[in-house]
There are 2 protein chains.
Amino acid sequence: MTGPDPADTGGVQALDPQELGAYFALMESVSLLHHHVEQHLRTEGNLSYVQFQLLARLAGSDGQLTMTQLADGVVYSRSGLTYQAGLLEKAGLITRGPSSDDERATLVTITDNGRALVDRVLPGHVQDVRRLLFDPLSDDDLQHLGDIMTRVRDHMRAQPPRSAAPRKRRPSPNS
Amino acid sequence: MTGPDPADTGGVQALDPQELGAYFALMESVSLLHHHVEQHLRTEGNLSYVQFQLLARLAGSDGQLTMTQLADGVVYSRSGLTYQAGLLEKAGLITRGPSSDDERATLVTITDNGRALVDRVLPGHVQDVRRLLFDPLSDDDLQHLGDIMTRVRDHMRAQPPRSAAPRKRRPSPNS
DNA sequence: TCTATATGTTTCAACTTCGAAGCAAGTGAG
DNA sequence: CTCACTTGCTTCGAAGTTGAAACATATAGA
């Protein structure tokens, strides 16, 4: 009498202990890192992690991006971005204006204040990441981690997008 | 005339390109994975990732945990857990009752329906993780990833906790 | 050109998350 | 025992996040 094997998930190859361990450790580490970093950003610059990401991304990119480019870069919903952009604009950290290329697009531009704020919080942020993430890693580990995660990211990006889930599928024509 | 070096962050050693790449790839990969997995769980079992984590954690652990144990395991605020537990209880997936050990504690127990649901969505979940995370990795990569992230997690856990930030520090006696 | 559809963004309502405050039960010192 | 403090959880209000719907502009095809 062989009761249901806990590792038997109905024909799908279950994750072996090594995979499980890697998966859990990965998710939890990032979650912890996110929490820590968020706290620091909040106390040092009154910014959420998302807001920091948006500003940092703009500070690169020559200071200008469309809403969609920003949302995609941060893996974020478009409506959520509209909200955050509103806050950042009210705080004087960014500016929103029409694009000359495409009348529909909103061009987001980082202001001098925005850049200054990024410059102000970046050192602490870097220190955090260094302390939390890189301290326990050797140069070799770092090399591997970067290589592995880059491959994983590219692989996932190749999958269908998600920030703007493909528009409502056109109602199938056979109705 | 040495203008401000972009890598000069005010005395703090900036992250070199390799570190930056690893950091960004890590955060984005997990973010993407989270999004994908969340979608699948929602369509297959009408569960959020958090809810799935809670049920899965309970399904291990002999089916019973206190609220605090659950919150700590999932890196979640206590009040948020109360909310989710309410939903899961309403859905008949868990049960809440007093603990005999400690009258204050609430003992959360997974129901048969809860177990059944976990069993139902787990294969798909595993398939997702396998497809998104492990597919592009060699056995060697997997080994490294698990090793690295385990070390990182343990390192972070050694830092002060976060699920229940230390209670309001008792007002220092010299006031 | 006219029309259908695609794309960029915002609005809106529902849901989720968080922290602070509140309540109840445990614990230790006197 | 009693007081002060700790710990486990919930309640409450404010803020953040999301998907669907609404708009507006673009684009392609007839």
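Note on naming: letters A, B, ... go to the chains in the order of the sequence lines (proteins, then strands), and numbering restarts at 1 for each one. Remember, it's a predicted structure, so these values are computed and weren't measured experimentally.
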Shortest non-hydrogen contact from A:Met67 toward A:Thr82: CE-CA, 3.7 Å

Closest heavy-atom pair and its distance - A:Leu142, B:Glu19: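 Answer, listing the atom of A:Leu142 first, then B:Glu19: CD2-CG, 3.5 Å.
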
Pairing string, 5' to 3', for DNA chain D - Watson-Crick or wobble contacts under 3.5 Å, brackets [ ] where pairs cross, | to another strand: ||||||||||||||||||||||||||||||

Look at the side-chain N and O atoms of [X] and state whether any lies under 4.0 Å from the OP1 or OP2 oxygen of [N].
X: A:Thr106; N: C:dT10; result: yes
X: A:Thr68; N: C:dT9; result: yes
X: A:Gln84; N: D:dA15; result: no
X: A:Arg96; N: C:dT10; result: yes
X: A:Tyr83; N: D:dT17; result: no

Exercise: do B:Arg42 and B:Ser48 side chains pair donor with acceptor under 3.5 Å: no

Donor-acceptor side-chain pairing of A:Asp141 and A:Ser138 below 3.5 angstrom: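 Judged by distance alone, the side chains do pair up.
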
Nearest whole Å is fine: how far is [N] [atom2] from [X] [atom1]?
X: B:Arg104; N: D:dC5; atom1: CZ; atom2: C1'; result: 12 Å
X: A:Glu103; N: D:dA24; atom1: CD; atom2: C1'; result: 10 Å
X: B:Met67; N: C:dA25; atom1: CE; atom2: C1'; result: 16 Å
X: A:Leu65; N: C:dT9; atom1: CG; atom2: P; result: 10 Å
X: A:Gln39; N: C:dT17; atom1: CD; atom2: P; result: 18 Å
X: B:Leu107; N: D:dC9; atom1: CG; atom2: P; result: 9 Å
X: B:Leu88; N: C:dT16; atom1: CG; atom2: P; result: 10 Å
X: B:Tyr76; N: C:dT16; atom1: OH; atom2: C1'; result: 7 Å

Side-chain donor/acceptor contact of A:Arg78 with base of C:dT9 under 3.5 Å: no

Sugar-phosphate only, base, or nothing, as touched by B:Leu70 at under 4.0 Å among non-hydrogen atoms: nothing

Sugar-phosphate only, base, or nothing, as touched by B:Ser48 at under 4.0 Å among non-hydrogen atoms: nothing

Joint cluster assignment, B:Leu137 & A:Leu137, ILVMFWY side-chain distance < 4.5 Å: yes

5' priority, DNA chain D, between A:Asp102 and A:Gln51 [closest heavy atom]: A:Gln51

B:Asp147: side-chain hydrogen bond (donor to acceptor under 3.5 Å, both in side chains) partners, not counting sequence neighbours: B:Arg151

Residue whose nearest DNA chain C nucleotide is more 5′ - A:Ala105 or A:Ser79: A:Ala105

Any B:Gln64 side-chain heavy atom under 4.5 Å of B:Val108 side chain: no

Sidechain-backbone polar pair: B:Glu89 side chain, B:Arg96 backbone, donor-acceptor under 3.5 Å: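 It does hold such a pair.
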
